[in-house]
2 protein chains.
Amino acid sequence: MDDTLIDIGEVARRSGLAASALRFYERKGLIRAEGRNGLRRAYRPETLERLALISCARDAGFTLSEIAEFLAARPSDERLRARMAAKEREVSQRVDQLTRLRDSLRHAVVCTHDPLVECPEFKQAVRRVPQG
Amino acid sequence: MDDTLIDIGEVARRSGLAASALRFYERKGLIRAEGRNGLRRAYRPETLERLALISCARDAGFTLSEIAEFLAARPSDERLRARMAAKEREVSQRVDQLTRLRDSLRHAVVCTHDPLVECPEFKQAVRRVPQG
DNA sequence: CCTTGACTTGAACCGCGCTTCAAGTCGCAG
DNA sequence: CTGCGACTTGAAGCGCGGTTCAAGTCAAGG
């Protein structure tokens, strides 16, 4: 019908996600097909962008239902806005913690402590963050 | 017997982990009790430090078996060292991505786009990273 | 028209990281 | 000695994020 629409195989290929995952996301309300070509789902190309965002958020530790909520966010939803602000603080802390962990790993690669886990420099990763 | 050893209930309380999780970690080889008091596990206080490290790594997205490997690392294990170097690069990328996501969330909190997900500034989160 | 093969469905299954349960053991206070 | 309650075990169960399977549909090419 509309050749600007793409089918699930192509979306899978271009997004790097399995077709089964795309159907799963649809059941969860994260994406939807614009229409059908016979039985086959026909997706708008923008879906790829949306999927990239979904993958990013999922990698960041968001659950799929959180992502679904955030994707539906309207500027008037103050409760959701507050949840996003909370999530922002959470992500900030994760950034700090991951940064320390990265530094520890970086050190581990050249460390001679035996076992590595005993190295005080390595243990930096686990340093208490103020207001943890 | 040895009152420097602490029992599972206290470890649970002080680590914030459930006793069931501690037994689970033991089965997975992540921690071990120094001895037993009757049937009861008796842990060395250093276990708490180790658990903090485990929690940190787990929050960072390491699987429990990865963590077990890394905890056992000896400086002579070159293969493991290489895996840690790889993990370091992975963590670096996650830091970058999370940083972008944090910035997007920060913006989302004050954004007026409707729906939010259409905001170009918000979409920064998903910006392609060179050599992704 | 007929085959091919990518799609469709719902349901069952998976690995991970635990938690819960049932049944039993034991240390310690009274 | 008698509870009590915190511990012990193995096995089963759970929520998440999907994958796999069986059986069926259908579009397009030869």
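Chain identifiers are assigned alphabetically (A, B, ...) following the order of the sequence lines, protein sequences preceding nucleic acid strands; residue numbering begins at 1 within each chain.
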Is the shortest side-chain N/O distance from A:Tyr25 to OP1 or OP2 of D:dG17 below 4.0 Å? no

With a non-hydrogen cut-off below 4.0 angstrom, is B:Ala19 in contact with a base, only sugar-phosphate, or nothing? nothing

Could you tell me whether a side-chain N or O of B:Ser55 sits under 3.5 Å from a main-chain N or O of B:Leu51, the two making a donor and an acceptor? yes

Identify whether any heavy atom of A:Arg23 sits under 4.0 Å from a base atom; if not, whether one sits that close to sugar-phosphate; answer base, sugar-phosphate or nothing. base

Among residues 42-62 of chain B, which residues get a heavy atom nearer than 4.0 Å to DNA chain D? none

On a heavy-atom basis, the closest approach of A:Phe24 and A:Leu64 is CE2-CD1, 3.5 Å

Using distance only, find each side-chain donor-acceptor pair of residues 80-92 of chain A under 3.5 Å and give its atom names and separation, not counting sequence neighbours.
from	atom 1	to	atom 2	distance (Å)
A:Arg81	NE	A:Pro75	O	3.4
A:Arg81	NH1	B:Ala108	O	3.3
A:Arg81	NH1	B:Val109	O	2.7
A:Arg81	NH1	B:Cys111	O	3.1
A:Arg81	NH2	A:Pro75	O	2.5
A:Arg81	NH2	B:Cys111	O	3.1
A:Arg83	NH2	A:Glu69	OE1	2.4
A:Lys87	NZ	A:Glu66	OE1	3.4
A:Lys87	NZ	A:Glu66	OE2	3.2
A:Lys87	NZ	A:Glu90	OE2	2.8
A:Glu88	OE2	A:Ser92	OG	3.3
A:Glu88	OE2	B:Arg106	NE	2.9
A:Glu88	OE2	B:Arg106	NH2	2.9
A:Ser92	OG	A:Glu88	O	3.3

Let me spell it out: for each of A:Ser20 and A:Leu39, pick the nucleotide of DNA chain D with the closest heavy atom. Which residue's pick is nearer the 5' end? A:Ser20

Is there a side-chain contact between B:Arg27 and the phosphate of D:dT8, meaning an N or O under 4.0 Å from OP1 or OP2? no

Measure the distance from CD on B:Glu26 to C1' on C:dC18 and round it to the nearest whole Å. 15 Å

So which one's nearest nucleotide on DNA chain C is more toward 5', B:Phe24 or A:Arg41? A:Arg41

Distance alone, cut at 3.5 Å: any donor-acceptor contact between the side chains of B:Arg58 and B:Tyr25? yes

Roughly how far, to the nearest 0.5 Å, is CD1 of A:Ile8 from CG of A:Leu17? 10.5 Å

